Amino acid sequence: MTMRWCALGRNADGRITAFTLDASGNSGDPISMERSELADFVRGIEEEHAPRWVWSDTTRWVPQLLANGVRITRCHDLRLSHAILLRSELVPNRGELAAAAAWDVGPEEPDPEPKATALFELESTRATAVPGDIEETLAEFARQRAALAASPRQLSLLIAAESAGAVMAAEMRAAGLPWDTVEHDRILREALGPRPPAGARTAIMAGLADEIGMALGQPGVSVDSPPKLLRALRDAGLEVQSTSQWELADIAHPVIAPLLHYKKLARLLTANGWNWIDEWVRDGRYHPVYVPGGVVTGRWASSGGGALQLPRMLRPVLRADPGWTLVSADVAQLEPRVLAAMSGDRAMAAAGAGTDLYAGLVSSGVVATRQEAKIAVLGAMYGSTTGDSGRLVPRLRRSFPAAMRLVDQAAAAGERGGVVSTWLGRSSPAPSDEWLEQQALASQPGATPRDEREARRVARDFGRFTRNFVVQGTAAEWALSWLANLRLRLDELPAAWAGQDPRAAPIAQASGPAFERRPHLAFFLHDEVIVHTPIELADQVAAAVTAAAASAGTLLFGDGPVDFPLDVRISERAEKG
DNA sequence: AAGTGTGGCGCG
DNA sequence: AAAGCGCGCCACACTT
């Protein structure tokens with residue numbers, strides 16, 4: 001039998017059952033095992049058959065496999081797939097999925113760090129976790145296969161990409177991002193001065209706070225409390241509505257400079273200061289918790305440590321192990337390129353034919369400066385109507401009618417309370433009952449002008465959401481495809497080192513047994529990826545990153561005119577160890 | 001004391 | 001410039 005899928009589930013008695021299926025869905029005999037046998041079982045099946053593993057929830061299976069040094073190539077994550085298929089307007093037969101309500105749950109809370117133990121802890125502590133037993137796993141898989149069989153092909157791509165994302169998120173969490181705490185401490189000291197006692201300001205911040213109090217004529221004013229600070233500013237004669245930095249920046253007053261400086265330092269200290277290092281960096285690795293599917297558009301969310309908000313000033317802190325280096329890549333203007341590809345807008349594709357789409361808009365005469373191009377494009381995708389951005393959008397409408405029609409139609413659908421879908425078929429959530437009720441009330445005879453105004457306002461809000469949903473969501477699909485393709489290419493690379501004694505290959509011990517001799521994904525942020533790799537393979541990794549981007553473009557959009565150029569950098573800070 | 005809401009700011 | 005999309009996290013202020 002050709003093994004195409006291998007489903008795993010647990011039994012009531014705590015043992016694990018594996019069910020293998022061929023392409024027709026015929027199953028082999030069930031295989032029952034103790035939890036302690038699972039890692040070896042998966043390793044053996046993976047090497048011989050490389051099936052698509054089918055399981056309830058990747059976060060409950062992969063971390064323990066990785067802790068035992070076992071990686072898998074492909075999976076079908078039933079929880080994430082259920083969420084997509086249940087809501088997708090492209091799935092015609094959603095009734096059975098809707099009836100399986102036990103599968104419609106959000107992501108689990110982050111577990112404590114999985115231990116490298118032979119015993120698997122597959123029980124969830126959460127009451128609302130998805131079912132993990134083998135019968136329910138097989139039943140849900142059958143429902144999803146039926147749904148996919150009745151749906152357009154691209155949904156199968158989306159399910160595969162989402163599932164690959166789940167594996168990659170677990171792998172990146174386990175491997176961690178190589179983090180130089182000495183450099184981090186140096187940056188903190190340079191900006192903030194020596195580490196203060198717990199809960200206290202640094203001396204530099206205290207000095208700035210004194211300056212602020214002096215400048216306002218209110219010694220001891222509370223800088224950390226926006227309401228109090230706002231009152232103090234207004235008492236000092238500054239006509240501000242908030243204490244936001246963008247409102248303060250342009251005011252000429254002695255308090256502004258120390259205040260903005262203080263805000264910068266306070267942010268650094270509380271968000272990414274010494275306490276953050278203590279909490280999140282272990283053994284030279286930052287282990288962020290990625291949450292695939294955590295954003296409605298399909299982007300990943302994160303939980304713990306603010307992985308998606310690492311400030312630029314801390315980028316020098318990312319440092320490869322001795323003998324290793326970091327290959328970083330980001331896509332130039334991913335979202336407008338995705339919009340050009342989705343809409344088939346040939347003029348917009350042509351503007352992006354270089355490496356800089358914004359520069360392309362300038363040279364084709366649509367706008368005068370690169371800055372204007374950026375503002376105009378973002379305004380078009382976000383639904384801006386006022387300011388410079390809103391003023392520039394009509395020019396785009398003339399130059400790129402197909403692209404603008406696509407986002408305008410998505411916005412119109414949202415304003416009507418409708419649902420829109422991404423290129424691969426992820427659908428937006430319907431508006432809330434409250435929203436619908438508000439729209440209904442505003443069209444009743446007794447509605448006040450205020451009712452109508454408010455209803456129109458929230459309608460436009462929802463239209464901006466659906467407008468952006470199709471672009472942001474499709475960009476997330478492109479990025480997932482890119483990453484998944486890259487991962488497969490990276491797994492082919494160690495062969496390139498053949499002829500060398502594998503025992504001589506550099507070891508990244510801190511990344512754990514599954515990653516210590518191979519290039520691996522280390523970080524992902526919407527349109528940006530970082531690979532941690534032995535130096536010898538860095539050029540090949542860079543080539544793989546580029547090739548993967550081309551593959552993603554072809555996978556989603558065929559051989560269309562839109563390309564997705566990358567900025568690829570190999571870290572210079574790594575030293576041969 | 002613990003939970004919820006808000007302002008502010010970091011990222012794409 | 002600070003309006004227009006999506007997030008997470010912190011400190012403070014207010015509620016229970």
Side-chain angles (χ1 to χ4, degrees), chain A residues 110 199 201 205 222-231 240-250 259-260 262-273 275-276 279-280 288-315 330-336 338-339 369 371-372 374-393 396 407 410-411 414 420 422 426 428-429 457 460-476 478-479 523-529:
Chain A
R201 290 169 171 158
M205 290 169 69
S222 172
V223 193
D224 294 321
S225 164
K228 291 176 185 165
L229 178 61
L230 182 60
R231 271 195 294 276
V240 289
Q241 307 305 311
S242 75
T243 64
S244 302
Q245 56 188 357
W246 62 76
E247 191 174 351
L248 299 175
D250 294 331
L259 180 52
L260 292 180
Y262 180 92
K263 281 170 166 282
K264 279 264 181 267
L265 298 188
R267 167 77 193 188
L268 178 63
L269 178 64
T270 58
N272 295 100
N275 292 340
W276 183 93
E279 187 172 2
W280 295 105
V289 181
Y290 298 96
V291 186
V295 179
V296 280
T297 58
R299 275 185 173 183
W300 291 6
S302 72
S303 164
L308 275 41
Q309 308 146 249
L310 290 178
R312 288 163 164 277
M313 70 177 294
L314 288 184
R315 283 307 177 92
D330 62 74
V331 198
Q333 305 101 29
L334 176 57
E335 293 193 357
V338 158
L339 173 57
T369 66
Q371 184 60 21
E372 278 192 338
K374 187 173 180 176
I375 288 170
V377 167
L378 291 179
M381 293 188 304
Y382 294 165
S384 173
T385 55
T386 62
D388 291 348
S389 176
R391 207 160 38 69
L392 290 165
V393 169
L396 294 191
V407 288
V420 295
T422 61
R426 190 188 306 261
S428 63
R457 188 182 60 77
R460 283 194 300 267
D461 288 348
F462 201 66
R464 284 194 303 277
F465 165 64
T466 51
R467 169 190 293 270
N468 187 247
F469 182 94
V470 293
V471 180
Q472 187 184 118
T474 303
W478 184 95
F523 189 65
F524 172 58
L525 178 55
H526 306 321
D527 61 356
E528 179 183 354
V529 64

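Owing to the predicted nature of the structure, the values given are computational and were not obtained by experimental measurement. Chain identifiers are assigned alphabetically (A, B, ...) following the order of the sequence lines, protein sequences preceding nucleic acid strands; residue numbering begins at 1 within each chain. Atom set for the values below is all heavy atoms of this structure, side chains included, hydrogens, waters and symmetry mates excluded.
Checked against C:dC7, B:dC9, C:dA11, the side chain of A:Ala301 finds its nearest nucleotide in C:dC7. Checking B:dG12, C:dG8, C:dC7 against every side-chain atom of A:Val296, the shortest atom distance belongs to C:dC7. Distances from the side chain of A:Lys263 to the nucleotides B:dC11, C:dC5, B:dG8 place B:dG8 closest. Nearest nucleotide to the A:Gln245 side chain, out of B:dG10, C:dC7, B:dG12: B:dG10. The nucleotide whose nearest atom lies closest to any side-chain atom of A:Thr386 is, among C:dA3, B:dG10, C:dC10, C:dA3. Looking at the side chain of A:Ser302, the nearest of the listed nucleotides B:dG7, C:dG6, C:dG8 is C:dG8. Among B:dG8, B:dC11, C:dG4, the nucleotide with an atom closest to any side-chain atom of A:Ser384 is C:dG4. Picking from C:dC10, C:dC12, C:dC5 the nucleotide with the shortest atom distance to the side chain of A:Phe465 gives C:dC5. Of all nucleotides listed (C:dC5, B:dG10, C:dA13), C:dA13 comes nearest to the side chain of A:Lys228. Among the nucleotides C:dC10, B:dG8, C:dC5, the one closest to the side chain of A:Thr270 is C:dC10.
Results of the side-chain contact (heavy atoms from CB on, under 4.5 Å) test with A:Lys263 over A:Leu268, A:Leu248, A:Asp224 single out A:Leu248 as the only residue that passes.
Using Watson-Crick or G-U wobble geometry with both donor-acceptor distances under 3.5 Å, C:dG4 finds no partner in any strand shown.
Regarding contacts with the backbone of C:dG4, every side-chain N or O of A:Thr385 stays at 4.0 angstrom or more from both OP1 and OP2. Side-chain N/O atoms of A:Lys264 include one lying less than 4.0 angstrom from OP1 or OP2 on B:dG10. Using a 4.0 Å cut-off, some side-chain N or O of A:Arg312 falls inside it from OP1 or OP2 of B:dG12.
Residues A:Leu229 and A:Leu259 are in side-chain contact: their nearest non-hydrogen atoms beyond the backbone lie under 4.5 Å apart. Counting heavy atoms from C-beta outward, A:Thr385 and A:Arg460 have side chains that stay 4.5 Å or more apart. Two residues are said to be in side-chain contact when any heavy atoms from C-beta on lie closer than 4.5 Å; A:Val295 and A:His526 fail this criterion.
When all heavy atoms of A:Gly414 and A:Phe462 are compared, the closest pair comes out as O-CD2, 3.2 Å. Among all heavy-atom pairs drawn from A:Tyr262 and A:Arg201, the shortest one is OH-NE, 2.9 Å. The two residues A:Ser242 and A:Glu247 make their nearest non-hydrogen contact at OG-OE1, 2.8 Å.
Taking 4.0 Å as the cut-off between side-chain N and carboxylate O, A:Arg299 and A:Glu335 count as a salt-bridged pair.
Comparing the same atom, C1', in C:dG4 and in B:dG5 gives a spacing of 24 Å after rounding to whole Å.
We find that CD1 of A:Ile375 is positioned 13 Å from P of C:dA3, with the value rounded to whole Å. If you take OH of A:Tyr382 and P of C:dA1, they are 19 Å apart, rounded to a whole angstrom. In this structure, A:Leu268 atom CG and C:dA11 atom C1' are separated by 16 Å, rounded to whole Å. Here the C1' atom of nucleotide B:dG12 and the CD atom of A:Gln309 are 11 Å apart, to the nearest Å. Straight-line distance from the CG atom of A:Leu229 to the P atom of C:dA13: 11 Å, rounded to whole Å. The interatomic distance linking A:Leu378 (CG) with C:dA2 (P) rounds to 16 Å, in whole Å. Summarising the geometry, the separation between CG on A:Asp527 and P on C:dC7 is reported as 17 Å, rounded to the nearest angstrom. Between A:Arg231 atom CZ and C:dA13 atom P the separation is 9 Å, expressed in whole Å.
Within 4.0 Å of A:Arg464, counting heavy atoms only, lie sugar-phosphate atoms of the nucleic acid but no base atom. Residue-level contact check: A:Ser222 touches neither bases nor backbone, having no heavy atom under 4.0 Å from any strand. Within the nucleic acid shown, A:Gly294 has no heavy atom closer than 4.0 Å to any nucleic acid atom. Residue contacts for A:Val471: at a heavy-atom cut-off of 4.0 Å it reaches no nucleic acid atom on any strand shown. When heavy atoms are screened at a 4.0 angstrom cut-off, A:Ser389 is found touching base atoms of the nucleic acid. When heavy atoms are screened at a 4.0 angstrom cut-off, A:Thr243 is found touching the sugar-phosphate backbone but no base atom. Heavy atoms of A:Arg467 sit nowhere under 4.0 angstrom from any nucleic acid atom. A:Leu310 comes within contact range of the sugar-phosphate backbone alone, with a heavy-atom separation under 4.0 Å but no base atom that close.
Both A:His526 and A:Gly387 lie close to DNA chain C; mapped to their nearest nucleotides by heavy-atom distance, the more 5′-ward contact belongs to A:Gly387. Residue A:Asp388 is the one, among A:Asp388 and A:Glu279, whose nearest nucleotide of DNA chain C lies closer to the 5' end (criterion: closest heavy atom).
With hydrogens and angles ignored, no donor-acceptor pair closer than 3.5 Å exists between the side chain of A:Arg299 and the base of C:dC7.
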